[in-house]
2 protein chains.
Amino acid sequence: MESCKNKDYTIDNEQLARFAKAMGHPARITILNYLASMDNCYFGDIYNELPIAKATVSQHLKELKDAGLIQGEIETPKVKYCINSENWEKAQAYFETFFALKTEKTTCCK
Amino acid sequence: MESCKNKDYTIDNEQLARFAKAMGHPARITILNYLASMDNCYFGDIYNELPIAKATVSQHLKELKDAGLIQGEIETPKVKYCINSENWEKAQAYFETFFALKTEKTTCCK
DNA sequence: AATATTGTTCGTAGTTTTGCGAACTACGAA
DNA sequence: TTCGTAGTTCGCAAAACTACGAACAATATT
């Protein structure tokens with residue numbers, strides 16, 4: 001019957017997935033938690049919170065930055081990272097909306 | 001100086017990352033959206049919502065099931081999927097708590 | 001018994017992720 | 001200039017992810 005399956009994913013679903021993917025690693029959750037609750041947010045501090053090599057920390061930070069959840073600023077000789085508030089709130093709204101979809105539903109199976 | 005870096009990730013951070021990772025693909029977000037808003041949730045319906053092969057759909061469903069976000073039930077000859085409400089709420093709470101951490105903070109850089 | 005329906009599983013291919021050490025950049029201090 | 005500090009980038013390896021077609025299982029229909 002070949003039903004019309006040339007659907008693409010919606011922009012919103014892509015964006016939510018992007019945020020979720022960025023959060024999809026314990027190191028990155030730890031980083032975000034740390035940044036969300038601290039004022040001091042230098043690379044070295046973050047590195048000390050994590051059980052991984054600094055090269056790897058740098059990579060995770062890059063991914064979070066690419067996803068828009070954090071931002072960095074050079075403060076020679078250190079690098080200061082922090083939450084990107086604008087996108088943080090955007091992400092929060094995305095997740096909130098997403099989970100709210102379910103609310104009043106009855107379970108459909110089992 | 002070898003600061004003590006044998007920290008592990010916390011269980012909560014691991015769990016949140018697990019949920020986030022499961023949500024980290026547009027196909028899986030689409031599936032969850034669909035299941036969260038429908039009562040009919042057979043494999044075929046889900047398959048028709050997605051621009052990918054059924055083998056791939058099956059794989060994504062398996063990942064969501066492994067992460068605990070959905071559950072399936074055989075209703076010969078079909079398979080009925082739905083949200084796992086208990087874990088859905090757990091995930092919702094995890095994300096809510098996570099994002100709430102930031103609230104009143106001033107931006108720490110830039 | 002042969003067919004059709006509905007999904008799952010297998011095997012495979014290509015891409016991405018994760019992680020590390022080593023090399024590198026940029027700057028300040030000795 | 002040489003050294004130390006603070007991070008990033010490079011190159012590599014192993015593992016995980018994404019996707020597909022083909023084969024398979026389980027049941028219902030002809």
Side-chain angles (χ1 to χ4, degrees), chain A residues 1-3 5-9 13-14 17-31 34-35 40-67 69-82 109, chain B residues 1-3 5-9 13-14 17-31 34-35 40-67 69-82 109:
Chain A
M1 194 49 69
E2 260 332 307
S3 63
K5 276 181 49 76
N6 31 358
K7 314 200 174 215
D8 258 2
Y9 301 117
N13 283 351
E14 298 254 23
R18 184 107 205 279
F19 283 138
K21 187 173 184 182
M23 293 172 59
H25 190 289
R28 294 196 291 267
I29 289 292
T30 304
I31 291 170
Y34 184 75
L35 293 184
N40 292 351
C41 43
Y42 293 104
F43 175 90
D45 303 326
I46 297 166
Y47 169 55
N48 275 310
E49 289 293 303
L50 300 171
I52 51 181
K54 62 184 177 168
T56 310
V57 173
S58 215
Q59 258 182 192
H60 283 305
L61 287 167
K62 180 166 167 18
E63 277 173 66
L64 288 172
K65 200 158 59 176
D66 288 348
L69 290 173
I70 68 172
Q71 57 199 190
E73 188 186 1
I74 295 174
E75 218 174 70
T76 305
K78 300 189 178 185
V79 178
K80 196 157 158 181
Y81 281 101
C82 65
C109 50
Chain B
M1 195 51 65
E2 261 332 307
S3 64
K5 275 180 53 74
N6 32 359
K7 314 199 175 217
D8 258 2
Y9 302 117
N13 283 351
E14 299 254 23
R18 185 106 206 279
F19 284 139
K21 188 173 184 180
M23 293 172 60
H25 190 289
R28 294 196 291 268
I29 289 291
T30 304
I31 291 169
Y34 185 74
L35 292 184
N40 291 351
C41 43
Y42 294 104
F43 175 91
D45 303 325
I46 297 166
Y47 170 55
N48 276 310
E49 289 294 304
L50 300 170
I52 51 181
K54 63 182 175 166
T56 310
V57 173
S58 214
Q59 259 181 188
H60 283 305
L61 287 167
K62 180 168 169 16
E63 277 174 66
L64 289 171
K65 200 158 57 174
D66 288 349
L69 290 171
I70 67 172
Q71 58 199 189
E73 188 186 1
I74 296 174
E75 219 174 70
T76 304
K78 300 188 176 181
V79 177
K80 196 157 157 181
Y81 282 99
C82 64
C109 49

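Basis for what follows: all heavy atoms, side chains included, without hydrogens, waters or symmetry-related copies. Sequence lines set the chain letters: A, B, ... in the order given, protein chains first and strands last, and positions in each chain run from 1.
When both distances must be under 3.5 Å, the Watson-Crick or G-U wobble mate of D:dT8 is C:dA23. Nucleotide C:dG28 has D:dC3 as its partner under the Watson-Crick or G-U criteria, with both atom distances under 3.5 Å.
B:Leu69 is not listed as a side-chain neighbour of B:Arg28, based on a closest heavy-atom distance of 4.5 Å or more. Side-chain contact between A:Leu35 and A:Gln71 is absent, with no heavy atoms from C-beta onward closer than 4.5 Å. In this structure, A:Ile52 and A:His60 have side chains that are in contact, with non-hydrogen atoms separated by less than 4.5 Å.
Using a distance-only test at 3.5 Å, with no hydrogens or angles considered, no donor-acceptor pair links the side chain of B:Ser58 to the main chain of B:Lys54.
In this structure, B:Tyr81 atom OH and C:dG7 atom P are separated by 9 Å, rounded to whole Å. Computed from coordinates, the A:Asp66 CG to D:dT9 C1' distance equals 14 Å when rounded to whole Å. Distance B:Ile46 CD1 to C:dT6 P: 14 Å, rounded to the nearest Å. In this structure, B:Glu49 places its CD atom 14 Å from P of C:dG7, rounding to the nearest Å. Here the P atom of nucleotide D:dA6 and the CG atom of A:Asn48 are 10 Å apart, to the nearest Å. The separation between B:Ile31 atom CD1 and C:dG7 atom C1' is 14 Å, rounded to whole Å. In this structure, the CD1 atom of B:Ile74 is 9 Å from the C1' atom of D:dA26, given to the nearest Å. Computed from coordinates, the A:His25 NE2 to C:dT18 P distance equals 5 Å when rounded to whole Å.
OP1 and OP2 of C:dT5 both lie 4.0 Å or more from every side-chain N or O belonging to B:Tyr47. Between A:Lys21 and C:dT17 there is a side-chain polar atom (N or O) within less than 4.0 angstrom of OP1 or OP2. Close to D:dT5, at under 4.0 Å from its OP1 or OP2, lies no side-chain N or O of A:Tyr42.
Between A:Ala17 and B:Pro26, the closest heavy-atom pair is CB-N, 3.4 Å.
Ring geometry for A:His25 versus B:Tyr9: interplanar angle over 60°, hence perpendicular rather than tilted (30 to 60°).
Residues satisfying the salt bridge (Lys or Arg N to Asp or Glu O under 4.0 Å) test with A:Asp45, not counting sequence neighbours, are none.
Closest to the A:His60 side chain, of the nucleotides C:dT16, C:dG19, D:dG7, is C:dG19.
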### Message
How would you summarise protein contacts on nucleotides 20-27 of chain C per nucleotide, using B for base, S for sugar-phosphate only and - for none, with heavy-atom distances below 4.0 Å?
### Response
BB-----S
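Projected onto DNA chain C by closest heavy-atom contact, A:Gly24 and B:Lys78 fall at different nucleotides, the more 5' of which corresponds to B:Lys78.
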